[in-house]
Undergrad: 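Following this message is one structure expressed as structure tokens.
Just so it is clear, the values below take in all heavy atoms, side chains as well, and ignore hydrogens, waters and symmetry mates. Quick note on labels: first sequence line is chain A, next is B, and so on, each numbered from 1.
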Amino acid sequence: MRWTQALIPTLKETPAEAEILSHKLLLRAGLIRKLTGGLYTFLPLGLRVLRKIEQIVREEMDRAGALEVLMPALQPSEIWQQSGRYETAAEVLFKVRDRAKKEWVLGPTHEEVITLLAAGEISSYRQLPKNFYQIQMKFRDEIRPRFGLMRAKEFIMKDAYSFDVSDEAAMASYRKMYDAYTRIFNRCGLKNFPVEADTGVIGGSHSHEFMVPAETGENEVVFCEGCGYAANIEKATSGIPATAAREIGAAIEKFATPGVATIEALSKAPYSVPANRQIKTLVYIADSKPVLILVRGDDQLNETKLMARAGATAARPATPEECAAALGAKPGSLGAVVNVPAGVKVFADERLRGATDMTTGANEDGFHLKSVSMERDIKVTNWFDLRTVSAGEPCAKCAKPLKIRRAIEVGHVFKLGTKYSEKMGALFVDADGQRKPCVMGCYGIGVTRTLQAVIEQSNDKDGILWPLSVAPYAVCITPLGVAADSAVMQLAEKIYSELTALGVEVLLDDRDERPGVKFKDSELIGIPLRVGIGEKSLAKGEVEIKPRGGALSAVKPDEAVAKVMELLKAGSTVSPT
RNA sequence: CGGAGCGUAGCUCAGCCUGGUAGAGCACUUGGUUUGGGACCAAGACGUCGCAGGUUCAAAUCCUGUCGCUCCGACCA
């Protein structure tokens, strides 16, 4: 491709809309342009990278035995009602109506469609296992699109769905996808690692997210350098000990705490009750019913865990009015000792098990209770792990201190079980003649997000450093001076046509620009290899070859093509760490 | 949905407080000088100042409304 014929609108200045580095570089390097918030056009350069990533995904999915399909983005809302997700996923659904006023949804994902397909096409265990995948646009009514391609209203996803005869067989399918994902992200040149992830209300035992470490990531990951444990903070547990029991003193004692409404205020004089001797009482509305949540005063409730343990599809903190209605007191004086209405469940965090001599709210504004014993004084409906892990807590497996880092989620593998196959009728007849629901798994990769994650991870002060595997062009030829009859330009053309004939993707910077402009641009857009040809070096019988981010070397003009091929070959076999 | 900020040339922004002929840099066009790390000189083109209403002799500027964008929040009482 000749630069003068391409559209590569690089920007010297950063558009004000971009917050994080990768988003700025997407815009500055001329890869994307914004239509409106959360919606972007891929320009030619960006599209080339996107296609490279898609191709890697395809090759690895095919290698793992998955079959590519393409499902409709527009779906009838009935099938969402059939799966029950018309309600549970309502917030993210884009809905549209046709001229007959019939309602449709723009697919945020495709479990319903694929399961219906399987229901129609799969009838015997002999046809299983099957794994279908597609690479397609997804639509989600994101609460707040941000960071360019990271969280958009519309994005490209690779989604795959496996169908198996049994749990064991489904685990084998899961394992294949898990391995394929590792290969995919490695081939994209991404440092990545799988972490245990929450399985949410769907339940099931297996879910991993593939994370790319990045300070700008929206996820927090807990990991152990001792044993390799790694989990999303929404799921992570630690080996932190339960609260130490103390001598159970006198009976519960009520004391006045006028104006005290926080754990912190109660921990100060004149009360001086340390946070770790307090019971924090939270009221949540889970699926429209109030529940009491008890965690230790110095712990943080993990909402994801709450939803998972409570089996709730929606949970939110109760308003002060709802608290007062349920318990007779406003937040700040809440507790689970007295005045808990029958039928209101009390979920307590495991760390409080056996705790004695605790202080908590009296369910009466301005009063607290002390000398409270969990077992003796509080009727706990269920004990759950509900707290959020903090850095430094001992690993549950090897006791080494846990660490926390931020990361970008680029992939998610999930064992679904039979939830959808039962609802959508994806049944098969097994060898024993029994009709059974397929055991499913689903597996997603955010393709457009992966593209941005590569930039987020691979850049320097001058711009992007594309891994060769996803670079829009492998080589940029940079003639300094473009007069058609000059020795410089003639050599540039010769190398261009020879490399092109060898199947190399080459960008020839034939613009009549000053050297500085050309160098800066080729570095900004991150082309892995630059071949510099100028009068000065040519006079010495040399052309320059410079890997992006590496050292410049000089070769004879005749040897330039061979040298480039050698470097490309070496680069393509480099396996990322 | 709540809070904050911003909408002025293709981009980055000034002007607004204190109303009075629409600005700069970059980018673009033409000519010239340059030519190994985002050149220089000269000339030029580019604006319904987000939109609507109001106040005023006069509104980019003040007021009201509205739309859009960005950021923070929407667990921890």
Undergrad: Is the shortest side-chain N to carboxylate O distance from A:E350 to A:R296 below 4.0 Å?
TA: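 Salt bridge: no.
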Undergrad: Using a 4.0 Å heavy-atom cut-off to protein, can you give one letter per nucleotide of nucleotides 37-43 of chain B, 5' to 3': B if the base is in contact, S if only the sugar-phosphate is, - if neither?
TA: BBB----
Undergrad: Salt-bridged, A:K254 to A:E364, with N to O below 4.0 Å?
TA: yes
Undergrad: Sticking with atom P, work out how far B:rC28 lies from B:rG73, rounded to a whole angstrom.
TA: 40 Å
Undergrad: Can you list, pair by pair, the side-chain donor-acceptor contacts under 3.5 Å of residues 268-275 of chain A, counting residues two or more places apart and other chains?
TA:
residue: A:K268; atom: NZ; partner: A:E264; partner atom: OE2; Å: 3.2

Undergrad: Which whole number of Å gives the distance between the P atom of B:rA27 and that of B:rU66?
TA: 41 Å
Undergrad: Looking at A:F155, is A:R140 sitting on its ring face, NZ or CZ under 6.0 Å from the six-membered ring centre and within 45 degrees of the normal?
TA: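 Cation-pi check for A:R140 and A:F155: fails.
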Undergrad: For B:rC51 versus B:rC26, give the span between their P atoms, rounded off to a whole number of Å.
TA: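 Roughly 28 Å separates the two P atoms.
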Undergrad: Using the P atom as the point on both nucleotides, what is the distance between B:rA43 and B:rG25, in whole Å?
TA: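 Comparing P positions in B:rG25 and B:rA43 gives a spacing of 12 Å.
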Undergrad: Would you indicate, yes or no, if B:rU70 has its OP1 or OP2 atom less than 4.0 angstrom from a side-chain nitrogen or oxygen of A:K34?
TA: yes
Undergrad: Just compare B:rA77, B:rA74, B:rG36 and give me whichever is closest to any side-chain atom of A:K536.
TA: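 The answer is B:rG36.
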Undergrad: Categorize A:V295 for me: base, sugar-phosphate, or nothing, with a 4.0 angstrom heavy-atom threshold over every strand shown.
TA: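 Result for A:V295 = nothing.
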Undergrad: Under 4.0 Å, counting only non-hydrogen atoms across every strand here, what does A:S537 touch: a base, just sugar-phosphate, or nothing?
TA: base
Undergrad: Where does the angle between the aromatic ring planes of A:H368 and A:F255 fall among parallel (under 30°), tilted (30 to 60°) and perpendicular (over 60°)?
TA: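 Rings of A:H368 and A:F255: tilted, 30 to 60°.
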Undergrad: Between A:D385 and A:K305, does any side-chain N to carboxylate O distance fall below 4.0 Å?
TA: yes
Undergrad: Can you see if the side chain of A:R146 gets near the phosphate of B:rC69 - specifically, an N or O under 4.0 Å from OP1 or OP2?
TA: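 No.
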Undergrad: For the residue pair A:Q452 / A:S22, report whether a side-chain donor-acceptor contact shorter than 3.5 Å exists.
TA: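 Checked: A:S22/A:Q452 side chains pair up, N/O donor to acceptor below 3.5 Å.
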Undergrad: Salt bridge between A:K235 and A:D198, side-chain N to carboxylate O under 4.0 Å?
TA: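 A salt bridge is absent here (no side-chain N lies under 4.0 Å from a carboxylate O).
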Undergrad: Between B:rC6 and B:rC16, how far apart are the C1' atoms? Round to whole Å, please.
TA: 14 Å
Undergrad: For nucleotides B:rA45 and B:rU30, find the distance between their C1' atoms and express it as a whole number of Å.
TA: 10 Å
Undergrad: If the C1' atom of B:rC13 is compared with that of B:rU8, how far apart are they to the nearest Å?
TA: 9 Å
Undergrad: Tell me which residues in residues 13-20 of chain A lie within less than 4.0 Å of RNA chain B, going by non-hydrogen atoms.
TA: A:E13, A:T14, A:P15, A:A16, A:E19
Undergrad: Do the side chains of A:I32 and A:T41 get nearer than 4.5 Å, heavy atoms only?
TA: no
